[in-house]
Amino acid sequence: MHDNTMTVHLKVWRQAGPDVEGRFESYSAEINPHMSFLEMLDVVNEDLIKKGEMPIEFDNDCREGICGTCGCVVNGQAHGLERGTTVCQLHMRSFRDGETIVIEPWRAEAFPVIRDLVVDRGAFDRIISAGGYVSVNTGPKPDANAVKIGKDLSDKAFDSAACIGCGACVAACPNASASLFTGAKITQLALMPQGAPERGRRVRAMVDQMDAEGFGNCSNIGECEAACPKEISLDNIATMKREYLRAMFTDN
Amino acid sequence: MTTLDSRVPEGPLAEKWSKRLHEMKLVAPNNKRKQKIIVVGTGLAGASAAASLGELGYHVDAFCITDSPRRAHSIAAQGGINAAKNYPNDGDSVWRLFYDTIKGGDFRSREANVHRLAEVSNSIIDQAVAQGVPFAREYGGELANRSFGGAQVSRTFYARGQTGQQLLLGAYQALMRQVDSGSVTMYPRREMLDLVVIDGKARGIITRNLITGELERHQADAVVLCTGGYGRVYFLSTNAFNSNGTAAWRCYKRGAHFANPCYVQIHPTCIPQSGDYQSKLTLMSESLRNDGRVWVPKDKADVKTPPNEIPEEKRDYYLERKYPSFGNLVPRDVASRNAKYVCDEGRGVGATGRAVYLDFRDAIKNQGRDAIADKYGNLFHMYEKITGENPYEAPMRIYPAVHYTMGGLWVDYELMSTIPGLFVAGEANFSDHGANRLGASALMQGLADGYFVVPFSVGNYLANHKVEPVSTDHAAFEQTEEEVTAYIQKMLEVGKKGNRTVIEIYRDLGEIMYDQVGMSRTPEGLKEAIGKIQKLREEFWTNVKIPGSGDEFNKMLEVAGRLADFLELAELMAKDALNRDESCGGHFREDHQTPEGEAKRDDENFCYVAAWAYKGGDAAPELIKESLEFENVELSTRSYK
């Protein structure tokens, strides 16, 4: 590992707005290898601002890999090459001194570009609002231990619930499918007894909404799982398909 | 002389909340449909409040600065949420949770609020489980618990190290369900820049659409502010990059009092800073201290020796040594301060000497690597990602970092600010944690306020106050929007000619705050800080450089606006810290300590909430005191020995 500095060359997608043509711009930066990828972009931006140019806009918030706000395609991979890592948790020590890094926004029809690397992922919220919940109002509920849930089952549900909704799965998929995101929520709620009464209605509504938003279909390529920073398994898509099929033949 | 009415109900502590609930007036279902409520912020408090109000039949407009309500910083909370269920049968009760919280807050919170928090804590767990939140479970199928600092019982419910995420997603899903039903309209990527007050009541907000830069007017019958804390005043903190104090600060300038701004929590278990390019600090859950042992070398000469080569007899497990009954599970302020002491002595480890070890060697030996991985796997993974070191093999290095602000807008028992119709919930208010917050109680307060207090107190307000309909053409909307426009214009004008970037000035502010309004404070340091902040504010308004314009997506302009507010709030924090001539909780004054170096309170003179009222322009704010009455617990010196 380097201890002092390294130089990186960037080719960054710049696009002033949704209806404006975008292009790649080149920049160079001298940086500390301990920086995170976003801190590297901060440094580049400080430089651009001082020169009177517009900084590169990118979405980010917690910088701890949990909020799902950040995300861009780095050298052709959503969130970069490192497995199970959001771009905010990617560190410059994973790159070579003198390397050229290509940075692009998520590219999918359902995620229109807002500016530079910032895209609109509102479609994900609309998929959740179509049925990605348990219909209970706030108010008195049975004691939390009234329904026992086995540890294995609850752990499995948690594995699906860990999705951060960043959109990398869509960006990585050649069809721009949202099946991993949608499948993860469907699987979590289908596993939990609380989600059972709406199981069929939920999967139908969510899948319909996913299609209406303009996401492509899943053709089992598996790039989504490879790009997912939370390593959400492809099994979630299989479960979604099974749940959908089941819902076609049952009332719930 | 202004006075503050906390409106705490009469009667025995345990009956106050149910009594108030019975007294509250109701709004009939057909009238609820006609009333509109604004909820600003959609973290745990905001999402749960908006969802619950929507379910009741009100029309809710909900706003967030992020692209989706699922991004709120509540999502980053790791460790867990407290409740007095007593499932482990270790003697917990509502009273104990209440008592631990009062004591943890160093007797600087309102008894009635804290008791209500403990009372509704159990309902929160029931509610979340009903939503399908996948809490950790035992093999028998019951919910698992663990312990947190400041408590001798296991009352913390958790979902791996991602409890905040799972609880937020539960509340977010409840919110999206209301969006689907049409009762809630969601406005993402909006920043609240001002409050519109008509006839003395909160009647709307001015927001900036962060994509187009357009200012927008939104009217309502009541406004609920759930915008989180102001920890980013330190620049480096564990808070998300977009967390800010702007909405709360603008409400302060419209007449809401700001309470206890000097109460800041420094969290003991964060990944230490490694360079000056750093943009934020990362927290490691306090739950790690259940099994991890905190130590530094006994001898200064050993600080550069690899930890695994330091034999047992040369290690100082200083928390276990000084606090035998709580050990590594002392509350956060105590753990943080002691980490600072050992580093100040020159026994800190790591490249900067500002870190202590958190060691899992013994836990792995006793319980096995799998058991530890099961409990803390994702935290270990995160640590390794950031530092490039494997905590299964060498101890973690940790250091305290700014994490949570206990101060916030002053609210009465029903969470209403001094502006009628403006409610404040979660971290944005000051109400429940006193001078220090115990672990796993931020999630508890956010959800208690949002699910179980605000929905009723807003209804009570609407039923008791005649709120005339207004439109956004009203002169007050016009004028407030003009003021916001002029403010942004002024900033952009300076920004065109200035030489120092927003981030440069922001880092300077952070440094002043860390050094002089941070983990320990002195009167001289605070006075110096006030002068430095004023100077820096002047520099901002004459020399800041801001790229681009106001009518486009412009992140730096957003940050500049937040920094301008922090430059004012920081001064109030220092003034409040100077005024509070005692040590309590997270507010540690070096001139008030016991011979053992513990915080020394002055109950005679400072047993009050310091609420500050804005007096316009550069005029000094007025200090209004709400004296704290302790009828049920005895004010005692906190001891974790």
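Because only heavy atoms are used, hydrogens play no part in the values below, and waters and symmetry mates are left out as well, while side chains stay in. Chain identifiers are assigned alphabetically (A, B, ...) following the order of the sequence lines, protein sequences preceding nucleic acid strands; residue numbering begins at 1 within each chain.
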Seminar exercise, completed: So, the part of Ile164(A) with a heavy atom under 4.5 Å from chain B: the answer is both

For this session: May I ask you to decide whether Asp59(A) forms a salt bridge with Lys555(B), counting only side-chain N to carboxylate O separations under 4.0 Å?
Result: no

Exercise. Side chain, backbone, both or neither: which part of Leu210(B) has an atom under 4.5 Å from a heavy atom of chain A?
Worked result: neither

Problem set entry | Distance (rounded to the nearest 0.5 Å) between Met556(B) CE and Ile49(A) CD1 | 4.5 Å

Problem set entry | Which atom of Asp155(A) lies closest to which atom of Arg160(B), heavy atoms considered | O-NH2, 3.4 Å

For this session: Quick one: pull up NE2 in His34(A) and OH in Tyr277(B) and give me the separation to the nearest 0.5 Å.
Result: 6.0 Å

Exercise. So what's closer than 4.5 Å to chain A heavy atoms on Val133(B): side chain, backbone, both or neither?
Worked result: backbone

For this session: Kindly indicate, with the supporting measurements, whether the criterion side-chain hydrogen bond (donor to acceptor under 3.5 Å, both in side chains) is fulfilled by Lys385(B) and Thr85(A).
Result: CA-CA 8 Å; Lys385(B) 279 257 176 292; Thr85(A) 306; 3.2 Å; yes

For this session: Please state whether the side chain, the backbone, both or neither of Ser135(A) comes within less than 4.5 Å of a heavy atom of chain B.
Result: both

Seminar exercise, completed: Whatever's closer than 4.5 Å to a heavy atom in chain B on Val118(A) counts as side chain

Problem set entry | Residue part contacting chain A, namely of Arg189(B), when any heavy atom lies under 4.5 Å | side chain

Problem set entry | Whether Gln166(B) side chain and Ala161(A) backbone form a donor-acceptor pair below 3.5 Å | yes

Exercise. Can a donor-acceptor pair be found between the side chains of Glu64(A) and Thr282(B) at a distance below 3.5 Å?
Worked result: no

Exercise. Hey, mind stepping through Arg63(A) and Ser279(B) against side-chain hydrogen bond (donor to acceptor under 3.5 Å, both in side chains) and telling me if it holds?
Worked result: CA-CA 9 Å; Arg63(A) 297 197 174 195; Ser279(B) 55; 2.7 Å; yes

Exercise. Are Gln194(A) and Gln131(B) close enough that some pair of their side-chain heavy atoms sits under 4.5 Å apart?
Worked result: no

For this session: Please round to the nearest 0.5 Å and tell me the distance separating atom OG1 of Thr501(B) and atom NZ of Lys50(A).
Result: 5.5 Å

Problem set entry | Proximity breakdown for Asp116(A) and chain B, heavy-atom pairs closer than 4.5 Å | neither

Problem set entry | Part of Gln188(A) within contact of chain B (heavy atom distance under 4.5 Å) | side chain

Exercise. Under 3.5 Å, is there a donor-acceptor pair linking the side chains of Ser129(A) and Arg177(B)?
Worked result: no

For this session: Would you check if Phe452(B) and Thr138(A) make a side-chain contact, meaning some heavy-atom pair closer than 4.5 Å?
Result: yes

Exercise. Who wins among Leu48(A), Asp159(A), Asp42(A), Leu38(A) for the most heavy-atom pairs under 4.5 Å with chain B?
Worked result: Asp159(A)

Exercise. Of the listed residues (Glu53(A), Lys141(A), Glu82(A), Met54(A)), which shares the most heavy-atom pairs with chain B below a 4.5 Å separation?
Worked result: Lys141(A)

Exercise. What are the two closest non-hydrogen atoms of Leu143(B) and Ala144(A), and how far apart are they?
Worked result: CD1-CB, 3.4 Å

For this session: Name the region of Lys496(B), side chain, backbone, both or neither, that has any atom closer than 4.5 Å to a heavy atom of chain A.
Result: neither

Exercise. Is there a side-chain contact between Pro140(A) and Ser123(B), using heavy atoms and a 4.5 Å cut-off?
Worked result: no

Problem set entry | Contacting region of Asn45(A) [heavy-atom separation from chain B under 4.5 Å] | neither

For this session: Pick whichever of Met40(A), Met35(A), Lys156(A), Met192(A) has the most heavy-atom pairs under 4.5 Å with chain B.
Result: Met35(A)

Problem set entry | Contact winner vs chain B - Gly150(A), Ser160(A), Gly68(A), heavy-atom pairs under 4.5 Å | Gly68(A)

For this session: Write down the atom of Gln162(B), the atom of Ile66(A), and the distance for their closest heavy-atom approach.
Result: CG-CD1, 3.8 Å

Exercise. Can you find a pair of side-chain heavy atoms, one from Leu169(B) and one from Tyr133(A), that are under 4.5 Å apart?
Worked result: no

For this session: May I ask you to test the Tyr139(B)-Asp152(A) pair for a side-chain heavy-atom distance under 4.5 Å?
Result: yes

For this session: Name the region of Ala16(A), side chain, backbone, both or neither, that has any atom closer than 4.5 Å to a heavy atom of chain B.
Result: neither

For this session: Verify, without hydrogens or angle tests, whether Arg137(B) (side chain) and Ser154(A) (backbone) share a donor-acceptor contact under 3.5 angstrom.
Result: no

Problem set entry | Pairwise side-chain contact, Glu504(B) with Glu46(A), heavy-atom cut-off 4.5 Å (strictly under) | yes

Exercise. Is a side-chain donor or acceptor of Gln173(B) paired with a backbone partner of Val134(A) at a separation under 3.5 angstrom?
Worked result: no

For this session: For each of Arg70(B), Met382(B), Gln178(B), tally heavy-atom pairs with chain A at distances under 4.5 Å, and name the one with the top tally.
Result: Arg70(B)

Seminar exercise, completed: Correct closest heavy-atom pair for Tyr172(B) and Phe124(A) would be OH-O, 4.4 Å

For this session: Could you grab the distance from atom CG of Asn122(B) to atom CG of Asp143(A), nearest 0.5 Å is fine?
Result: 8.0 Å

Problem set entry | Contacting region of Phe135(B) [heavy-atom separation from chain A under 4.5 Å] | backbone

For this session: Measure Lys185(A) against the heavy atoms of chain B and call it side chain, backbone, both or neither at under 4.5 Å.
Result: side chain

For this session: Return yes if some donor-acceptor pair links the side-chain N/O of Asp125(A) with the main-chain N/O of Pro69(B) below 3.5 Å, else return no.
Result: no

Problem set entry | Reported SG-to-CG distance for the pair Cys62(A) and Leu283(B), which is rounded to 0.5 angstrom | 11.5 Å

Exercise. Given that the side chain runs from C-beta out, which part of Ile114(A) has a heavy atom under 4.5 Å from chain B: side chain, backbone, both or neither?
Worked result: side chain

For this session: Considering only heavy atoms and a distance below 4.5 Å, find which of Thr69(A), Leu90(A), Leu153(A), Leu191(A) pairs most often with chain B.
Result: Thr69(A)

Exercise. Does the side chain of Met176(B) reach to within under 4.5 Å of the side chain of Ile127(A), using non-hydrogen atoms?
Worked result: no

Seminar exercise, completed: Only residue of Ile75(B), Asn239(B), Thr66(B), Asp67(B) satisfying side-chain contact (heavy atoms from CB on, under 4.5 Å) with Asp61(A) is Thr66(B)

Problem set entry | Pairwise side-chain contact, Glu39(A) with Lys280(B), heavy-atom cut-off 4.5 Å (strictly under) | no

Problem set entry | Lys/Arg N to Asp/Glu carboxylate O, Glu142(B) vs Lys148(A), below 4.0 Å | yes

Exercise. Does any N or O in the side chain of Asp180(B) come within less than 3.5 Å of the main-chain N or O of Gly131(A), such that one atom is a donor and the other an acceptor?
Worked result: no

